[in-house]
> 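Can you read through this structure? Questions will come right after.
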2 protein chains.
Amino acid sequence: MPETNGLRERKKRDRRRQIEDVAIELFERQGFDATTIEQIAAAADIAPRTFFSYFDTKDDVVLADYADRLGRILHELDQRPTDEPAWSALQASFAAAASDYVAEADRLSRRFAIMAATPSVQARSLQLQAGWEHTLTAHLATRLAATGGDPTPRLLAAAAVAVMRASLQHWLTAPRAVELPTLVHDAFDRLGAGLAPR
Amino acid sequence: MPETNGLRERKKRDRRRQIEDVAIELFERQGFDATTIEQIAAAADIAPRTFFSYFDTKDDVVLADYADRLGRILHELDQRPTDEPAWSALQASFAAAASDYVAEADRLSRRFAIMAATPSVQARSLQLQAGWEHTLTAHLATRLAATGGDPTPRLLAAAAVAVMRASLQHWLTAPRAVELPTLVHDAFDRLGAGLAPR
DNA sequence: TTGCAATTTTGCAGTCATTGCAGTTAGAGT
DNA sequence: ACTCTAACTGCAATGACTGCAAAATTGCAA
């Protein structure tokens, strides 16, 4: 029942992390496509077949902690007072997630580099983000007590995720003069205030 | 040199369409994953190998006209006066594309149904949309004469594509009381006016 | 310590998309 | 009819992913 103990659980988590590390290393050295499951397995001292009990897809190795990321956002969102405007709550939640990104900037940069160079990983990443959007939409529908015919929750969710993605991309691409949380915060402000004027 | 004549061209286009139709039919009858390239080829009277000279991926059959879609948007965008605010220009361009969607609603509904049921197709779709975002970002950077450090073009592009996707999804999901172009137009208005107030 | 039941790991065989290569065919212009 | 080029095809290979059943490992309790 507990969610964080048990020797078995720990071992599994460790092994997962180890496979991840080994794989990323190989991806960087040889390129994602040029690296086979067999090689990863060999380097991690497991049978090729076993790889798939840790990751559904080769792509998923690069995106290992996407799930946690969404968890963090939702957690923050639930924490915000019910009477706070939705957009403001989203802003706070995503900004919190953004600070996580900064904390492990190095770890992430490597993964993003691989993603940028590998279409299939990029696609998978977007797919996971679409999942976020879906979950967020449901959350917001509840929060706003919206009816099925109201496009508001979906619009807000889509906008929020888009802001996050764009900010992250900008942060990784452009000379990062500005820190990510600031970037995210400002972008939320701009959508909050309206894109029309300029 | 000409872009729309030549028997060769025509034949190629026809064949492509034919493969597409046959494939969609099979996908609907048997499911996407359960349909093999071999079956499609057989049904379309071509060699399996030939399939790949018409489509890069099995997924792409479902998304055959995504490229045209982007073309339409960019064309509209180029048509808008340079001094028009970017967001307004985007609104007009995407609304135009939305009316295309309506015109071939049936054709598209079938494809979206397949997409919704098939993760890999969904992923591919998102990937293509990311491509749109990228192209749009470049266009907007030019239009706004933005410097590399300015996140504005990326933000606008991301927001626009997000609006489109969310509207489309809403249109397909919810009881479509409202027409797509209206939905898109309103959503652009809302982002234009600002999401903050409510 | 030992025994057991659950869990994990593994090997094997098979499916299928996708690709490179090389040979063949068919269209278009002369 | 003749040739040049683009399209079509067959073949073989690669590699991700899956189902299955045997084998190994583990946590726990007697």
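First the proteins, then the strands, lettered A, B, ... as listed; each starts at 1. The analysis underlying the following values was restricted to heavy atoms, covering all of them including side chains, and did not include hydrogens, waters or symmetry mates. These figures come from a predicted structure and were not determined experimentally.
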> Does one side chain, of B:Q91 or B:D189, offer a donor that lies under 3.5 Å from an acceptor on the other?
yes

> Can you tell me how far C1' of C:dT10 sits from CG of A:D45, to the nearest Å?
14 Å

> Between A:Y66 and A:W132, is the ring centroid distance below 6.0 Å?
yes

> When every nucleotide of nucleotides 17-25 of chain D is labelled 5' to 3' by its protein contacts under 4.0 Å (heavy atoms), B for base, S for sugar-phosphate only, - for none, what sequence of letters results?
BBBB-----

> Tell me, please, which residues at least two apart from A:T182 pass side-chain contact (heavy atoms from CB on, under 4.5 Å).
A:V178, A:E179, A:D186

> Inspect the surroundings of CD in A:E38 and state if more than 12 heavy atoms from other residues, nucleotides or ligands are less than 6.0 Å away.
no

> Flag the pair A:R107 and A:E20 as a salt bridge only when some basic side-chain nitrogen lies within less than 4.0 angstrom of an acidic carboxylate oxygen.
yes

> Within 45° of the axis and under 6.0 Å from the centre of the six-membered ring of B:F52, does NZ or CZ of B:K58 qualify?
no

> Salt-bridged, A:R69 to A:D100, with N to O below 4.0 Å?
no

> B:R15 CZ to D:dA6 P: how many Å, rounded?
18 Å

> On the nucleotide C:dC16, are OP1 or OP2 found under 4.0 Å from the side-chain N or O atoms that B:T36 carries?
no

> Report yes if at least one side-chain N or O of B:Y54 is closer than 4.0 Å to OP1 or OP2 of D:dC8; otherwise report no.
yes

> Mind calculating the distance between CD1 (B:I46) and P (C:dT25) to the nearest angstrom?
19 Å

> So, is B:S53 near the phosphate of D:dC8, with a side-chain N or O under 4.0 Å from OP1 or OP2?
yes

> Rounded to whole Å, please give me the gap between CZ in B:F55 and P in C:dT19.
15 Å

> Roughly how many Å is it from CD in A:Q39 to C1' in D:dA16, rounded to a whole number?
13 Å

> Tell me: CZ of B:R124 to P of C:dA17, nearest whole Å?
16 Å

> Check this for me, if you would: do A:R111 and A:E104 make a salt bridge, where the nitrogen-to-carboxylate-oxygen distance has to be below 4.0 angstrom?
no

> Would you classify A:T35 as touching base, sugar-phosphate or nothing, given that sugar-phosphate means primed atoms plus P, OP1 and OP2, and contacts are heavy atoms under 4.0 Å?
sugar-phosphate

> Near DNA chain C, under 4.0 Å by heavy atom, which residues of residues 16-31 of chain B?
none

> Please report, rounded to the nearest Å, how far the P atom of D:dA6 is from the CZ atom of B:R10.
19 Å

> In terms of side-chain geometry, is the basic nitrogen of A:R165 or A:E133 positioned less than 4.0 Å from the acidic oxygen of its partner?
no

